[in-house]
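One structure is given below, encoded as structure tokens.
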Amino acid sequence: MAALGGDGLRLLSVSRPERQPESAALGGPGPGLCCWVSVFSCLSLACSYVGSLYVWKSELPRDHPAVIKRRFTSVLVVSSLSPLCVLLWRELTGIQPGTSLLTLMGFRLEGIFPAALLPLLLTMILFLGPLMQLSMDCPCDLADGIKVVLAPRSWARCLTDMRWLRNQVIAPLTEELVFRACMLPMLAPCTGLGPAVFTCPLFFGVAHFHHIFEQLRFRQSSVGSIFLSAAFQFSYTAVFGAYTAFLFIRTGHLIGPVLCHSFCNYMGFPAVCAALEHPQRRPLLAGYALGVGLFLLLLQPLTDPKLYGSLPLCVLLEQAGDSEAPLCS
């Protein structure tokens, strides 16, 4: 969809030169400049989000409740102001989304129930093996586990646990808002939807490199282990970011990526090595394989855009002159 030639990035497809991009039609800057504005806006958002974590000087580690509370404040401020970056991008490029800003960012009621349930169900299917592993290693049975989950006291403890709030609420909500809901609308008219799925997560993955500084500061491991862990985390978060970007585009909602993000934060990276050494490794590995197989089989049907109504990013590309985006159907 996007080509890098002698005159820079070109907006949308080059296979139909007779159609002008919407920005040009509105008298805005040229296609190459539009792409640079989009990339710079996304980079600014990523730097602002990460930078907000370090405006508070403290000698305490990142998991200390006092540090978490301060970071809640700065991250929530940056995240709440992030839509202004999309507004500024719209003014600089001249691209008109054809829908409201909130709708473009995935805040809408049409199709909200399937958008909340189906992506989460799909993600849980992918984690079938880890869920089986968690169930096998849990000392309580299923009935007791359900009682614990539904008990008001359990939720009260969670809501007073700063680490739980960070991992399950604040981080999923703010990261998906900034790195998906704000960045994808700015990148999609430049690169197209497909490349945006893989471009947007790069900002998300790089944003997690700041953990290196904290680990080096508190000498939590050897330098080699820290950088190896950072490389692995970048790869994992980039893949996960591509997945939630795909969900955001295909459903047109923010709620699905947020819930999936929260669930994945709870589950963590699958403990494959532990599964290989588990006393019941055969059924467990079968669960891993079945989960991946069912996920690949159900990925397209459960994210069928027909289940979620009109897709704001597809409307945006139609306004910009591209009506053949494959992810829109």
message: So for atom CZ, which belongs to Phe40, do other residues, nucleotides or ligands contribute more than 12 heavy atoms lying within a distance under 6.0 Å?
response: no
- request: Taking all heavy atoms of Pro61 and all of Val67, pick out the closest pair and write down the distance.
  value: O-CG2, 3.4 Å
message: With a 4.5 Å cut-off on side-chain heavy atoms, are Val77 and Ser52 touching?
response: no
- prompt: How far does CG of Leu259 sit from OG1 of Thr244, to the nearest 0.5 angstrom?
  reply: 12.0 Å
- prompt: Roughly how far, to the nearest 0.5 Å, is CG of Leu87 from CG of Leu101?
  reply: 5.0 Å
task: Supply the atom-to-atom distance Leu165 CG to Lys69 NZ, rounded to the nearest 0.5 angstrom.
output: 10.0 Å
- prompt: Heavy atoms, side chains only, cut-off 4.5 Å: are Met132 and Leu128 in contact?
  reply: yes
Shortest non-hydrogen separation from Phe127 to Pro270 and the atoms involved: CE2-CG, 4.1 Å
Distance in Å, Ile249 CD1 paired with Cys328 SG, rounded so as to fall on 0.5 Å steps: 8.0 Å
Same apolar cluster (I L V M F W Y, side chains within < 4.5 Å links), Trp89/Val178: yes
message: Could you tell me if Gln133 and His278 have a donor-acceptor pair between their side chains, going purely by distance under 3.5 Å?
response: no
- line: All heavy atoms of Asn265 vs all of Gln168, minimum pair found to be C-OE1, 4.1 Å
- prompt: Given the rule that I, L, V, M, F, W and Y join up when any side-chain heavy atoms are under 4.5 Å apart, are Leu307 and Leu311 in one cluster?
  reply: no
query: Are Leu177 and Phe107 close enough that some pair of their side-chain heavy atoms sits under 4.5 Å apart?
result: yes
field: Inter-residue atom distance Leu247.CG - Leu254.CG, 0.5 Å rounding
entry: 11.0 Å
field: Side chain proximity check, Leu118 to Thr303, heavy atoms < 4.5 angstrom
entry: no
Exercise: identify the closest heavy-atom pair between Thr103 and Pro312: O-CG, 3.2 Å
- line: Taken in chain and number order and not counting sequence neighbours, the residues that satisfy side chain to side chain donor-acceptor pair (under 3.5 Å) with Ser80 are none
- prompt: Hey, mind stepping through Leu134 and Tyr266 against side chain to side chain contact (heavy atoms under 4.5 Å, CB included) and telling me if it holds?
  reply: CA-CA 12 Å; Leu134 186 64; Tyr266 173 77; 4.3 Å; yes
query: Would you say Tyr288 and Pro130 make side-chain contact, with heavy atoms under 4.5 Å?
result: yes
Verify same cluster id: Phe248, Leu117 (apolar side-chain graph, 4.5 Å): no
query: Of the non-hydrogen atoms in Leu316 and Pro185, which two are nearest, and what is the gap between them?
result: CD2-O, 3.4 Å
- prompt: Is it the case that one hydrophobic cluster holds both Leu184 and Leu84, taking links as side-chain heavy atoms less than 4.5 Å apart, direct or via other members?
  reply: yes
query: Any donor-acceptor pair under 3.5 Å linking the side chain of Ser38 with the backbone of Met186?
result: yes
query: Got more than 12 heavy atoms from elsewhere within 6.0 Å of CZ, Phe198?
result: no
- prompt: Does Ser262 reach the main-chain N or O of Val258 with its side chain, forming a donor-acceptor pair under 3.5 Å?
  reply: no
message: Apply side chain to side chain contact (heavy atoms under 4.5 Å, CB included) to residues Arg166 and Asp63 and explain how you reach the verdict.
response: CA-CA 10 Å; Arg166 179 192 63 193; Asp63 287 335; 2.8 Å; yes
message: In the structure I gave you, are the side-chain heavy atoms of Met124 and Leu120 within less than 4.5 Å of one another anywhere?
response: yes
field: Heavy-atom side-chain proximity of Ile125 to Leu121 below 4.5 angstrom
entry: yes
field: Working for disulfide bond (SG atoms under 2.5 Å apart), residues Cys182 and Cys85
entry: CA-CA 8 Å; Cys182 290; Cys85 187; over 6 Å; no
- prompt: Looking only at atom types and distance, does a side-chain atom of Arg250 sit under 3.5 Å from a main-chain N or O of Ser329, one as donor and one as acceptor?
  reply: yes
- request: Ignoring hydrogens and angles, tell me if any N or O in the side chain of Asp161 forms a donor-acceptor pair with the backbone of Arg157 under 3.5 Å.
  value: no
task: Let me see the working for Phe246 and Leu193 under side chain to side chain contact (heavy atoms under 4.5 Å, CB included), right down to the final yes or no.
output: CA-CA 9 Å; Phe246 176 84; Leu193 290 180; over 6 Å; no
query: In terms of hydrophobic clusters joined by side-chain contacts under 4.5 Å, are Ile68 and Val78 together?
result: no
statement: His253 and Arg108 have their tightest heavy-atom pair at CE1-O, 3.1 Å
field: Aromatic contact, Tyr49 with Phe203 (centres under 6.0 Å)
entry: no
Min side-chain heavy-atom separation Tyr243-Thr123 under 4.5 Å: yes
message: Could you check whether the SG atoms of Cys35 and Cys190 sit less than 2.5 Å apart, since that is the cutoff I want to apply?
response: yes
- prompt: Does Ser135 use its side chain to pair, donor to acceptor, with the backbone of Leu131 at less than 3.5 Å?
  reply: no
message: side chain to side chain contact (heavy atoms under 4.5 Å, CB included) for Leu53 and Val75? Distances and angles first, verdict last.
response: CA-CA 7 Å; Leu53 302 175; Val75 163; 3.2 Å; yes
message: Has Ser82 got a side-chain atom pairing as donor or acceptor with Ser79's backbone, closer than 3.5 angstrom?
response: yes
statement: Interatomic distance, OG1@Thr73 vs CG@Leu76, rounded to 0.5 Å, equals 7.0 Å
